[in-house]
Amino acid sequence: MIKMNLPNKLTVLRVLLVPVFILVLLLSNKTDIGFFRILPLIIFVGAAITDTLDGYIARKHKLITDFGKFMDPLADKLLVCAALICFVEIKYISSWIVVLIISREFIISGFRMLAASKGITIAANMWGKIKTVVQMILVIVILCDFANIFGFLSILITPLIVLTIILTVVSAATYILDNKKVIKNM
């Protein structure tokens, strides 16, 4: 059995929270009972906090591992994409937006795999990190609206969607442009 450090355990916890989040969100969509409408928000925020914690702990205590480098961004993508797909189901966001976001994730993941096959490691860049933070904020704002709390936040949904789309495109372009050596000599 693989012995895992605390940051990696937090990453695995985030992955395990994804199906729980999906189930709770889709079931809570069928009720108007306040607590059940807030529960997906609590789960998502808890999972998002593990993202902040695992990175902080790993850097502070020098516990960075290959597993963490691979799984941490994957866990983020799973969490955010699961939420966005559920939002299509419950009619909070248009499907083309989610297709664009998920397409970007597949393209960049494929690009990273190609780079790895050439012995090149592509680290996360500032635009990708900002994109992830904005996506998580968007999900939280939509979940607040879904739970009918902080109603004033609903005016932020459309601007956050627009910002998410822009950052999705910009972050993909910068990954590719900054690492164009990967696609040379193909």
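Computed over heavy atoms, backbone and side chain alike; hydrogens, waters and symmetry mates excluded. Computed from a predicted structure; not experimentally measured.
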Pairwise side-chain contact, V139 with F87, heavy-atom cut-off 4.5 Å (strictly under): yes
Nearest-0.5 Å distance, CD1 of residue I93 to CD1 of residue I161: 4.0 Å
Verdict with reasoning, I107 to I176, per side chain to side chain contact (heavy atoms under 4.5 Å, CB included): CA-CA 10 Å; I107 290 166; I176 293 169; 4.3 Å; yes
Grab the two heavy atoms, one from L25 and one from F146, that are nearest each other, plus how far apart they are. CD1-CE2, 3.7 Å
How about D145 and F150: do any of their side-chain heavy atoms sit closer than 4.5 Å? no
Note: L138 and I157 closest approach over all heavy atoms is CD1-O, 3.9 Å
When clusters are formed by joining ILVMFWY residues with side-chain heavy atoms under 4.5 Å apart, either directly or through shared neighbours, do V99 and I166 land in the same one? no
Grab the two heavy atoms, one from L63 and one from N5, that are nearest each other, plus how far apart they are. O-ND2, 3.0 Å
Using a distance-only test with no angle check, is there a side-chain donor-acceptor pair under 3.5 angstrom linking N125 and S171? no
Atom CG in L163, atom OG1 in T158: separation rounded to 0.5 Å? 12.5 Å
Spell out, yes or no, whether V170 and I97 are grouped together once hydrophobic residues are joined by side-chain heavy atoms under 4.5 Å, including indirect joins. yes
Flag yes if F21 and L27 sit in one hydrophobic cluster, no otherwise; membership is Ile, Leu, Val, Met, Phe, Trp, Tyr, and two members link when side-chain heavy atoms are under 4.5 Å apart. no
Any side-chain heavy-atom pair of K77 and T132 under 4.5 Å: no
Do I85 and E89 come close enough that some side-chain heavy atom pair is under 4.5 Å? no
Roughly how far, to the nearest 0.5 Å, is the OH atom of Y175 from the OG atom of S109? 9.5 Å
Which heavy atom in L79 sits nearest to a heavy atom in A47, and how many Å separate them? CD2-CB, 3.6 Å
A side-chain contact here means heavy atoms from C-beta on lying under 4.5 Å apart; do L6 and L53 qualify? no
Should D76 and D72 be marked as a side chain to side chain contact (heavy atoms under 4.5 Å, CB included) after you check the CA-CA gap, both sets of side-chain angles, and the distance that decides it? CA-CA 6 Å; D76 296 342; D72 182 63; 4.0 Å; yes
More than 12 foreign heavy atoms under 6.0 Å from CZ of F36: is that the case here? no
Kindly work out whether a path of hydrophobic side-chain contacts (I/L/V/M/F/W/Y, heavy atoms less than 4.5 Å apart) joins M113 to I102. no
Okay, side chain of R37, backbone of S28: is any donor-acceptor separation there less than 3.5 Å? yes
Under a 3.5 Å threshold, yes or no: a donor from one side chain and an acceptor from the other, between T50 and R14? yes
Is there a side-chain contact between K131 and R104 in this structure, where contact means two heavy atoms from C-beta onward sitting under 4.5 Å apart? yes
Are side-chain N/O atoms of D54 and T11 paired as donor and acceptor at under 3.5 Å? yes
Which residue pairs pass the side-chain hydrogen bond (donor to acceptor under 3.5 Å, both in side chains) test when at least one of the two sits in residues 59-71, sequence neighbours left out? N8-T65
Taking all heavy atoms of V98 and all of V88, pick out the closest pair and write down the distance. CG2-CG2, 3.5 Å
Looking at I165, L153, I137, which one forms a side-chain contact (heavy atoms from CB on, under 4.5 Å) with L160? I137
Does one hydrophobic cluster hold both V45 and M136, with members joined at side-chain heavy-atom distances below 4.5 Å? yes
List the steps and the verdict of side chain to side chain contact (heavy atoms under 4.5 Å, CB included) for F67 and V12. CA-CA 10 Å; F67 177 85; V12 169; 3.8 Å; yes
So, for E105 and C81, which heavy atoms are closest and what is the spacing to 0.1 Å? CG-SG, 4.4 Å
Could you state the interatomic distance from OG1 (T52) to CG (L10), rounded to the nearest 0.5 Å? 10.5 Å
If I take atom CD1 from residue I43 and atom CG from residue L23, how far apart are they, to the nearest 0.5 angstrom? 8.5 Å
To the nearest 0.5 Å, what is the distance between CG (L84) and OG (S95)? 12.0 Å
